Amino acid sequence: MAKAENRRRRRKLRPVYFDYNMLACVIILIFFGLVMLYSASAYEAANDAAVGFDDMFYFKRQLRSDLVAFVVCVFFIFYDYHRAIRWSPVLYVIALVLMFAVASPLGVTVNGARRWLNLGFGQFQPSEIAKIAIILFLPWLIMKMGKHVNTLRGGLFLIGVGLLQALVAYVFTDNLSTGIIIALISVVMVFLASPKIKPFVIVALIIVAAMVAFLLYAKYNLTGSSSFRMRRILAWLEPEQNMDTGGYQVLQGLYAIGSGGFFGKGLGNSTQKLATIPEAQNDMIFSIICEELGLFGAILVLLLFGYLLYRLCVIAMNAPDLYGTLVAAGVFTHVALQVILNICVVLNVIPTTGVTLPFVSYGGTSVVFLMSEIGIALNISRNIRYEEQEGGREKRKRSSGRSARRVSRAAEG
């Protein structure tokens with residue numbers, strides 16, 4: 001009787017968990033992005049001889065990229081993320097080499113910026129590879145270092161690895177925004193792995209104070225600067241007085257947001273996209289969303305991103321091992337930073353940075369590597385197990401011991 005009672009009370013493991021909710025959220029964002037992309041780009045494409053006067057030019061190119069991205073995502077869903085531990089150092093080095101190659105004859109200049117590589121089969125931005133490389137490589141280093149992560153030297157070394165990637169992205173691809181994102185991803189992952197909070201708070205306060213002092217200095221002393229980044233800062237501080245150096249696009253985006261009202265002008269009825277906002281399908285697509293769908297549509301988009309980040313947070317908190325937790329946290333940080341930076345630029349909260357809105361803005365390289373990260377996060381979710389008590393009532397999620405042992409052996413090897 002006692003044995004039978006123990007068997008009835010014994011906790012059982014349910015089949016593997018898979019985050020269908022997050023996958024559905026990403027698919028909705030991609031389809032929504034295609035609709036808004038066509039709406040934002042059709043007029044400009046139809047009047048552009050360079051694209052053959054084809055109003056669906058940008059839509060078709062983005063659709064192809066989305067299909068490739070979905071295939072890549074499916075591959076990573078079924079590709080055991082523990083294997084990434086072995087090749088993450090190689091990917092880190094490849095990302096550095098490709099960013100160095102931008103300065104070679106293989107580099108391509110688009111719209112005045114040399115950030116692309118042409119390897120014969122198409123153009124792509126190697127800085128996007130750097131983001132996923134740092135997300136996979138830093139957790140591997142953290143696991144290899146063990147308790148040394150808690151030391152000052154260990155923490156500085158890990159952050160230095162991320163800053164090296166960020167510095168190369170800035171110097172060789174002239175992409176400051178990507179460098180900032182890589183640096184912040186690195187800091188967040190080291191922060192999560194370290195039990196110490198005080199040093200991070202002190203450094204953050206110092207950086208904020210330095211930025212405020214620099215902005216005050218720039219406003220009153222750099223009015224005639226020849227640096228385009230300084231002109232961007234001045235255009236952000238006083239857009240009306242700097243219409244010819246960046247303030248024009250920002251103001252037109254704000255006009256679009258303000259004219260949309262609560263429910264917007266209706267899908268396809270934007271007037272600011274009619275050659276008023278240059279390349280509205282790129283970084284400024286959120287302003288077109290606000291104009292056509294209003295505040296109501298903008299809130300729905302933010303709720304979708306909020307739910308996506310919530311699901312990534314759930315995966316990170318229930319991952320089967322430390323590596324899975326840190327990788328999911330890195331994906332969370334990357335998506336969150338791009339959403340926040342893009343919307344802050346559109347609202348003129350920060351200077352223009354050239355950061356796309358994930359899954360919505362035009363950009364093939366961006367969506368392919370973002371979907372790769374989503375696929376890895378979904379693969380982590382497949383290794384989560386449910387633990388039940390008698391009666392089928394869920395108690396909590398639990399990881400399998402086999403996955404934990406596998407990631408430990410891979411790190412040591």
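Residue numbers start at 1 and run along the sequence shown. Computed from a predicted model, the values in this text were never measured in an experiment.
Relative to the ring axis of Y79, R83 places its NZ or CZ within 45° and under 6.0 Å from the centre.
A distance of 12.0 Å separates CG of N342 from CG of L337, quoted to the nearest 0.5 Å. For the atom pair F286 CZ and T356 OG1, the distance stands at 14.0 Å (nearest 0.5 Å). Between I374 atom CD1 and L308 atom CG the span is 5.0 Å, to the nearest 0.5 Å. Remark: I384 CD1 to F18 CZ distance equals 11.0 Å, nearest 0.5 Å. Atom CE of M22 and atom SG of C313 lie 12.0 Å apart (nearest 0.5 Å). Here the CD1-CG distance, from I289 to L295, works out to 12.5 Å after rounding to the nearest 0.5 Å.
Looking at heavy atoms from C-beta onward, L117 lies in side-chain contact with L98 at the 4.5 angstrom threshold. Between F305 and L357, the closest side-chain pair of non-hydrogen atoms falls below 4.5 Å. Using a 4.5 Å cut-off on side-chain heavy atoms (C-beta onward), N21 and Y307 make contact. Two residues are said to be in side-chain contact when any heavy atoms from C-beta on lie closer than 4.5 Å; D55 and Y38 meet this criterion. Counting heavy atoms from C-beta outward, Y58 and Q62 have side chains that stay 4.5 Å or more apart. Side-chain contact between K198 and V201 is absent, with no heavy-atom pair separated by less than 4.5 Å. Between T173 and Q125 the shortest side-chain heavy-atom distance does not fall below 4.5 Å. At a threshold of 4.5 Å between non-hydrogen side-chain atoms, the residues C344 and I350 count as touching.
Under the side-chain contact (heavy atoms from CB on, under 4.5 Å) test applied with L34, the options D66, V360, L29 reduce to a single match, D66. Applying side-chain hydrogen bond (donor to acceptor under 3.5 Å, both in side chains) to Y81 and the options N379, D321, N383 leaves one that passes, D321. Screening S41, S39, S287 against K273 for a side-chain hydrogen bond (donor to acceptor under 3.5 Å, both in side chains) leaves a single residue, S39.
No donor-acceptor pair under 3.5 Å is formed between the side chain of S366 and the backbone N or O of G363. Between the side chain of E292 and the backbone N or O of G268 there is at least one donor-acceptor pair closer than 3.5 Å. With hydrogens and angles ignored, the 3.5 Å screen pairs no side-chain donor or acceptor of D283 with any backbone N or O of T353. For S194 (side chain) and F191 (main-chain N/O), no donor-acceptor pair under 3.5 Å exists by modelled atom type.
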Compile the donor-acceptor pairs under 3.5 Å between side chains in residues 146-161 and protein atoms, sequence neighbours left out, one pair per line.
{"from": "T151", "atom 1": "OG1", "to": "H148", "atom 2": "O", "distance (Å)": "2.6"}
{"from": "T151", "atom 1": "OG1", "to": "G154", "atom 2": "N", "distance (Å)": "3.1"}

Worked check of side chain to side chain donor-acceptor pair (under 3.5 Å) between Q272 and K265 = CA-CA 11 Å; Q272 295 300 110; K265 297 178 178 179; 5.9 Å; no
Given side chain to side chain contact (heavy atoms under 4.5 Å, CB included), test L267 with M36 step by step and report yes or no.
-> CA-CA 8 Å; L267 185 62; M36 294 308 306; 3.7 Å; yes
Does the pair D54 and K60 meet the rule for a salt bridge (Lys or Arg N to Asp or Glu O under 4.0 Å), with working shown?
-> CA-CA 10 Å; D54 181 3; K60 290 186 289 188; 2.8 Å; yes
Please step through side chain to side chain contact (heavy atoms under 4.5 Å, CB included) for the pair Q338 and K131, ending with a clear verdict.
-> CA-CA 12 Å; Q338 290 215 185; K131 297 175 185 176; 2.8 Å; yes
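V368 approaches S65 most closely through the heavy-atom pair CG2-O, 4.0 Å. Nearest heavy-atom pair, I134 versus P139, reported as atom, atom and distance to 0.1 Å: O-CD, 4.0 Å. Here the shortest heavy-atom pairing between E291 and T271 reads OE2-N, 3.0 Å.
Aromatic ring pairs are classed by plane angle as parallel below 30°, tilted from 30° to 60° and perpendicular above 60°; the pair F263 and F296 is tilted. Using the six-membered ring where Trp is involved, F100 and F172 have ring planes that are perpendicular, over 60° apart on the 30 and 60° scheme.
Counting heavy atoms of neighbouring residues, nucleotides and ligands inside a 6.0 Å radius, atom CE of M317 does not exceed 12 of them.
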